[in-house]
Amino acid sequence: MTTRRWQLAHGRHLDLGPKAVVVGILNVTPDSFSDGGLFIAPEKAIAQARRMAEEGAAVIDVGGESTRPGFAPISAEEEQARVLPVIEALAASGEALISVDTYREETARRAVAAGAHIVNDVWGLQREPGIARVAAETGAGLIIMHTGRERQKLPDVIEDQFLFLRKSLEIARASNVSDGQIVLDPGFGFAKETTEENLDLMARFSELQALGFPLMAGTSRKRFIGGVTGREPAARSAGTAATSVILRLKGADLFRVHDVAINVDALAVADAMLARENDLPPGR
């Protein structure tokens with residue numbers, strides 16, 4: 001399997017390809033859909049980040065504003081007050097790479113200055129294109145996510161991915177972001193309203209490799225998993241792990257999850273199978 005080096009801020013990098021990379025979700029919010037309020041206190045957030053790193057998360061993704069359907073927007077100042085102390089503490093400890101989940105240019109800039117290595121933009125640079133400038137100027141890794149919110153989508157789930165993400169890539173390149181800084185995320189659950197639409201995206205996930213970038217999957221505890229299993233968000237860890245394995249076999253490199261340990265183990269089995277498959281002689 002081909003190894004691709006993902007360039008990050010502060011002289012860091014992450015090699016993607018042969019081994020799945022788990023990204024632990026750290027919501028320092030009162031209203032996220034499955035863990036709102038649990039980690040809003042900085043000391044609880046830091047303790048949770050350390051637990052996730054111990055369980056095998058290579059990256060901790062820190063978010064200060066909920067992005068669930070119907071979320072209440074907050075000010076940039078409030079977002080920064082939530083995420084910056086946590087990022088600073090995690091950067092000082094050096095236990096994991098740090099991502100900031102934000103669509104605001106100024107929050108991204110301040111987060112990287114505080115020690116974040118990656119910027120994860122759920123609006124794919126199309127809400128505040130200045131995030132691309134932050135990545136270009138700081139060398140930060142950039143996760144560009146697809147969303148169908150606040151626009152008319154194409155009826156074909158993959159055609160809409162290409163339409164949106166190619167526009168995002170144009171924004172990134174116009175700001176001189178290098179291709180080696182970019183990871184793409186198809187945005188499971190972000191204006192993919194039905195279980196069927198998300199399952200279609202998962203079934204056709206490998207088609208996204210045509211864009212030529214590493215891919216991140218963010219299915220964790222999403223509503224479509226509940227639609228399949230009938231379980232509430234906090235009880236969807238096994239369902240999430242199943243989607244992680246399926247998407248690993250279809251080419252995903254990174255997996256953004258709430259429940260780190262079960263996904264690390266599930267993905268280790270998928271990686272072992274892929275390695276064995278690659279070692280088998282033709283015709284076997």
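In this chain, numbering begins with 1 at the start of the sequence shown. These numbers come from the heavy atoms of this one structure, side chains and all, not from hydrogens, waters or symmetry mates.
Within the 3.5 Å criterion, the main-chain N or O of Ala140 finds a donor-acceptor partner in the side chain of Gln181. Side chain of Asn27 to main chain of Gly63: no donor-acceptor pair is present (N/O by atom type, distance under 3.5 Å, no hydrogens or angles). Proximity of a side-chain donor or acceptor of Gln126 to a complementary backbone N or O of Thr147 within less than 3.5 Å is not detected. Within the 3.5 Å criterion, the main-chain N or O of Arg221 finds a donor-acceptor partner in the side chain of Thr240. With Gln209 contributing its side chain and Lys250 its backbone, the two residues share a donor-acceptor pair below 3.5 Å. Remark: the backbone N or O of Ala9 is not paired with any side-chain donor or acceptor of Thr138 at under 3.5 angstrom. For the pair Arg236 (side chain) and Lys222 (backbone), a donor-acceptor distance under 3.5 Å is present. A distance-only check finds a donor-acceptor pair linking the side chain of Gln161 to the backbone of Pro186 [under 3.5 Å]. Asp259 places no side-chain N or O within 3.5 Å of a backbone atom of Ile262 that could act as its donor or acceptor partner.
Here CG of Leu97 is found 4.5 Å from CZ of Arg12. Values are rounded to the nearest 0.5 Å. Atoms CE and CG, on Met216 and Asp61 in that order, are 6.5 Å from each other to the nearest 0.5 Å. Going from atom CG of Leu26 over to atom CE of Met52 covers 4.5 Å, rounded to the nearest 0.5 Å. A distance of 10.0 Å separates CG in Asp185 from CG in Leu208, rounded to the nearest 0.5 Å. Rounding to the nearest 0.5 Å gives a distance of 5.0 Å between CD1 of Ile158 and CZ of Arg204. Taken to the nearest 0.5 Å, the CG atom of Leu165 stands 7.5 Å off from the CD1 atom of Ile144.
Grouping the Ile, Leu, Val, Met, Phe, Trp and Tyr side chains by contacts below 4.5 angstrom, directly or via other members, places Ile143 apart from Leu247. The same ILVMFWY cluster, assembled from side-chain heavy atoms under 4.5 Å apart, contains both Ile98 and Ile131. A single hydrophobic cluster is not seen to contain both Ile118 and Leu169; linkage of ILVMFWY side chains at heavy-atom distances under 4.5 Å, directly or through other members, places them apart. Hydrophobic clustering of Ile, Leu, Val, Met, Phe, Trp and Tyr side chains at less than 4.5 Å, counting indirect connections, keeps Phe255 apart from Leu16. Hydrophobic cluster membership differs between Leu14 and Val264, with clusters built from Ile, Leu, Val, Met, Phe, Trp and Tyr side chains linked at under 4.5 angstrom.
Contact annotation: the side chain of Tyr103 never approaches that of Leu125 to less than 4.5 Å [non-hydrogen atoms, C-beta and beyond]. Contact annotation: the side chain of Arg256 approaches that of Asp101 to within less than 4.5 Å [non-hydrogen atoms, C-beta and beyond]. In this structure, Phe224 and Leu201 have side chains that are not in contact, with every pair of non-hydrogen atoms separated by 4.5 Å or more. Put simply, the side chain of Trp6 reaches to within 4.5 Å of the side chain of Leu254, judged on heavy atoms. Contact check for Leu211 versus Leu184: side-chain heavy atoms found under the 4.5 Å cut-off. No side-chain heavy atom of His258 sits under 4.5 Å from any side-chain heavy atom of Ser237. You'll find the side chain of Val122 stays beyond 4.5 Å of the side chain of Arg127, heavy atoms only. The closest side-chain heavy-atom distance from Val28 to Val83 is below 4.5 Å.
Nearest heavy-atom pair, Gly115 versus Ala91, reported as atom, atom and distance to 0.1 Å: CA-CB, 3.9 Å. Of all heavy-atom pairs between Pro129 and Ile171, the closest is CB-CG2, 3.9 Å. Pairing each heavy atom of Val177 with each of Ala132, the nearest pair is CG2-O, 3.2 Å. In this structure, Val245 and Ala270 approach most closely via the heavy-atom pair CG1-CB, 4.2 Å. Here the closest non-hydrogen pair linking Ile87 and Ala116 is CG2-N, 3.7 Å. When all heavy atoms are compared, the tightest approach of Ala96 to Ala58 is CB-O, 3.8 Å.
Under the 3.5 Å distance criterion, with hydrogens and angles disregarded, no donor-acceptor pair is assigned to the side chains of His146 and Lys153. Side chains of Glu65 and Thr102: no donor on one and acceptor on the other come within 3.5 Å.
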Are Val112 and Glu137 close enough, and set up right, to give a side-chain contact (heavy atoms from CB on, under 4.5 Å), and what steps lead you there?
CA-CA 11 Å; Val112 175; Glu137 292 166 7; over 6 Å; no

Begin from the C-alpha positions of Thr3 and Arg5 and carry the test side-chain contact (heavy atoms from CB on, under 4.5 Å) through to its verdict.
CA-CA 7 Å; Thr3 299; Arg5 178 153 291 187; 6.0 Å; no

Run the side-chain hydrogen bond (donor to acceptor under 3.5 Å, both in side chains) check on Ser99 and Asn120 step by step: do they pass?
CA-CA 7 Å; Ser99 170; Asn120 178 14; 4.7 Å; no

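A salt bridge between Glu170 and Arg166 is absent, with no side-chain N of the basic residue lying under 4.0 Å from a carboxylate O of the acidic one. A salt bridge links Asp160 with Arg151: the distance from a Lys NZ or Arg NE/NH1/NH2 to an Asp or Glu carboxylate oxygen falls below 4.0 Å. A salt bridge links Arg109 with Glu105: the closest approach of a Lys/Arg side-chain nitrogen to an acidic carboxylate oxygen falls below 4.0 angstrom.
Remark: of the listed residues Val134, Val183, Val119, Val119 is the sole one forming a side-chain contact (heavy atoms from CB on, under 4.5 Å) with Leu142. Shown are Arg276, Lys19, Arg248; of these, the salt bridge (charged side-chain N to carboxylate O under 4.0 Å, His left out) with Asp271 is made only by Arg248. Just one of Gln80, Arg82, Glu128 meets the side-chain hydrogen bond (donor to acceptor under 3.5 Å, both in side chains) condition when paired with Thr107; it is Gln80.
By the neighbour-count criterion of 12 heavy atoms within 6.0 Å, atom CZ of Arg231 is sparsely surrounded, having that number or fewer from other residues, nucleotides or ligands.
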